[in-house]
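Keep in mind that the numbers below use all heavy atoms, side chains included, and drop hydrogens, waters and symmetry copies.
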Amino acid sequence: MKSTYQPNNRKKAKKHGFFARKETNILKNRRKKGRKVLCK
């Protein structure tokens, strides 16, 4: 039996990575708040 979690880095990055966040206002809001780390 295969394990449930089949990690795919490209898919993950496309969904949750920097460029995915750049598309929305998330990064702008975090910059405005003065975050040290914008995204992990």
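Across Arg21 and His16, no two heavy atoms sit closer than the pair NE-O, 3.1 Å. Contact record, Ala20 with Ala13: CB-O, 4.3 Å, taken as the closest heavy-atom pair.
Under the rule for a side-chain contact (heavy atoms from CB on, under 4.5 Å), the partners of Gln6 that lie at least two apart in sequence or sit in another chain are Lys2, Ser3. Applying the side-chain contact (heavy atoms from CB on, under 4.5 Å) test to Asn29 and every residue at least two apart in sequence or in another chain returns Asn25, Lys32.
In the hydrophobic clustering, where aliphatic and aromatic side chains (Ile, Leu, Val, Met, Phe, Trp, Tyr) are joined below 4.5 Å either directly or transitively, Leu27 groups with Phe18, Phe19, Leu38.
Arg35 contributes atom CZ, which lies 11.0 Å from atom CD1 of Ile26 (distance to the nearest 0.5 angstrom).
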